[in-house]
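So the structure is just underneath, and the comments pick up after that.
The structure presented is a predicted model; accordingly, all values stated were derived computationally and were not measured.
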Amino acid sequence: MRRTRKLVAAGCLCMAMAMGMTAFAMPGATSLVTVTPKTASSDSSNDMEQNADNKTPAAAPEEKASKTANGTSGDKVTAGAAPLTVASSAGVASGTPGSDEAAPASESSEAGTEGSQETEGIKETAENQDMGIPVTGVTPDQKPEEAISQAAMQMAAASPTKAPSPYEDVAVSKVNGDEDYVNIRDAASVEGEILGKIYNNCAATIEETVETEDGTWYKIHSGSVDGYIKAEYFVTGDEAEALALEIGKMFGYVEEGGLRVRTEPTTESEIITTLWAGEKYTVVEQADGFVKLSLGDDDDGNPVTGYVAEEYVQVYVKFDKAISLEEEEEQKEEARRRAAEAEAAKRSSAREAVVAYAKQFIGNPYVWGGSSLTNGTDCSGFTRSVLGHFGYGLSRTSSAQSGDGRQVPLNSVEPGDLIFYASGGRIYHVALYIGGGRIIHAIDEAHGIGISSMYWTTPVCAVDVMG
């Protein structure tokens with residue numbers, strides 16, 4: 001069982017950055033993990049506007065001095081200084097500074113009394129070594145194996161302990177193949193029930209590692225889904241961190257008000273504006289103790305960016321997350337609804353365009369057998385020419401046009417539908433519905449093309465040719 005590091009900020013992933021105090025969050029997490037890497041350069045340590053009380057941000061942390069064997073203050077430990085190896089420490093302990101091998105036990109037992117050459121060599125080495133690791137004096141009768149053990153303990157105590165990676169219990173999905181997702185199951189088996197899906201480049205918290213005959217599985221939490229997935233579909237550790245920087249969406253949260261934004265990553269460059277606590281911006285890049293933020297567009301639509309001191313911005317990476325089967329179905333239903341609305345809007349726009357086009361010819365003459373919208377047309381010639389302008393092909397006569405589309409109820413007609421009239425059971429007239437209970441049609445020689453009530457005489461049917 002692996003202990004899970006709790007993470008926060010829905011949809012975010014925690015990770016350590018190169019400098020400054022930064023925080024990263026995981027999807028579906030419940031608490032924030034803060035990682036403190038190396039102290040940022042002091043050149044950017046104070047770039048805040050003073051508040052009303054003239055309070056300024058805290059100064060950079062004090063450097064700590066290393067201690068020598070006798071307790072006096074020595075040189076500061078250099079970051080990344082190479083530690084003494086067990087072998088070299090043993091050489092010092094046995095009175096042979098720089099030797100790669102320990103002296104025989106007989107030579108050690110015959111070292112003599114206090115103040116011998118070997119003991120003096122030990123003291124000199126302990127005082128003059130500049131490796132950043134304190135080495136205490138060794139008594140003349142100390143055995144080589146004891147010296148080795150003591151040197152190893154000294155090295156372990158003096159060497160800096162590597163901080164655990166925030167990606168230790170975090171994984172990023174890396175799915176290859178035809179499918180861009182992997183199923184999450186209720187058991188560490190391909191026979192387990194499918195609970196949800198995790199798509200490529202999504203993040204998850206590893207709660208447990210399970211070894212089975214079928215291979216290694218992770219029990220993960222991502223989004224609202226808890227379940228099992230094969231470890232081969234995830235990357236972790238350094239690989240996950242590298243992938244996170246490549247695919248994640250990076251944001252910066254302003255922790256204190258009055259933060260100055262500058263044109264260049266220096267405290268001497270021009271100040272663009274100031275930011276206030278609680279604001280969030282997209283991070284463009286991080287470099288040299290500064291964070292470059294996207295500040296939106298100016299009045300001319302040009303993107304605006306600027307630099308702020310990284311120690312005053314909490315940087316985090318946000319990932320996509322897994323979805324349950326129920327959430328996936330909801331998403332599909334929402335997609336279908338939006339598609340239907342878009343189609344309705346498109347259809348409505350097209351119908352409005354047909355009506356607007358038809359109205360241009362109001363007042364033009366009626367000509368029996370004609371089809372010219374300007375020089376003269378009859379009723380079926382009018383509807384055929386108007387809808388033909390938009391690519392809808394119709395028959396030539398009104399009776400034939402009644403069979404060209406899909407019949408719709410008269411109380412459900414939409415603009416652009418055709419309304420038909422009959423006498424003695426025979427259709428003799430057709431008009432174009434324009435909405436509001438009105439039609440536009442080529443009426444007769446006395447009226448030409450004009451608008452009438454849909455019920456100027458009794459309609460017998462309606463047809464949709466645009467659907």
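Residues satisfying the side chain to side chain contact (heavy atoms under 4.5 Å, CB included) test with N183, not counting sequence neighbours, are Y181, R185, I194, K197. Not a single side chain to side chain donor-acceptor pair (under 3.5 Å) links T273 to another residue, sequence neighbours left out. Evaluation of the side chain to side chain donor-acceptor pair (under 3.5 Å) rule for R406 yields D464 as partners, not counting sequence neighbours. The ring pair (Phe, Tyr, Trp, His ring centres under 6.0 Å) test applied to Y281 returns no partner, not counting sequence neighbours. Residues that satisfy the side chain to side chain contact (heavy atoms under 4.5 Å, CB included) test with A462, not counting sequence neighbours, are V408, L410, V413, I419. S385 pairs by the side chain to side chain contact (heavy atoms under 4.5 Å, CB included) definition with S371, L373, not counting sequence neighbours. Applying the ring pair (Phe, Tyr, Trp, His ring centres under 6.0 Å) test to F390 and every residue at least two apart in sequence or in another chain returns Y357. Taking the side chain to side chain contact (heavy atoms under 4.5 Å, CB included) definition, one finds that V463 meets it with Q407, F420, V465, sequence neighbours left out. Applying the side chain to side chain donor-acceptor pair (under 3.5 Å) test to E343 and every residue at least two apart in sequence or in another chain returns nothing. Scored by the side chain to side chain donor-acceptor pair (under 3.5 Å) test, Y233 finds no partners at all (sequence neighbours excluded).
Contacts classified as salt bridge (Lys or Arg N to Asp or Glu O under 4.0 Å) and involving residues 264-287 (residues at least two apart or in different chains) are not found. Residue pairs that meet the ring pair (Phe, Tyr, Trp, His ring centres under 6.0 Å) test with at least one member in residues 324-345, sequence neighbours left out, do not exist here.
Contact check on D226 versus K219 returns no salt bridge, with no Lys/Arg side-chain nitrogen under 4.0 Å from an Asp/Glu carboxylate oxygen. Under 4.0 Å is where a charged nitrogen must lie from a carboxylate oxygen, and between E333 and R337 no such pair does.
Taking a 6.0 Å sphere around CD of E191, one finds it holds 12 or fewer heavy atoms contributed by other residues, nucleotides or ligands.
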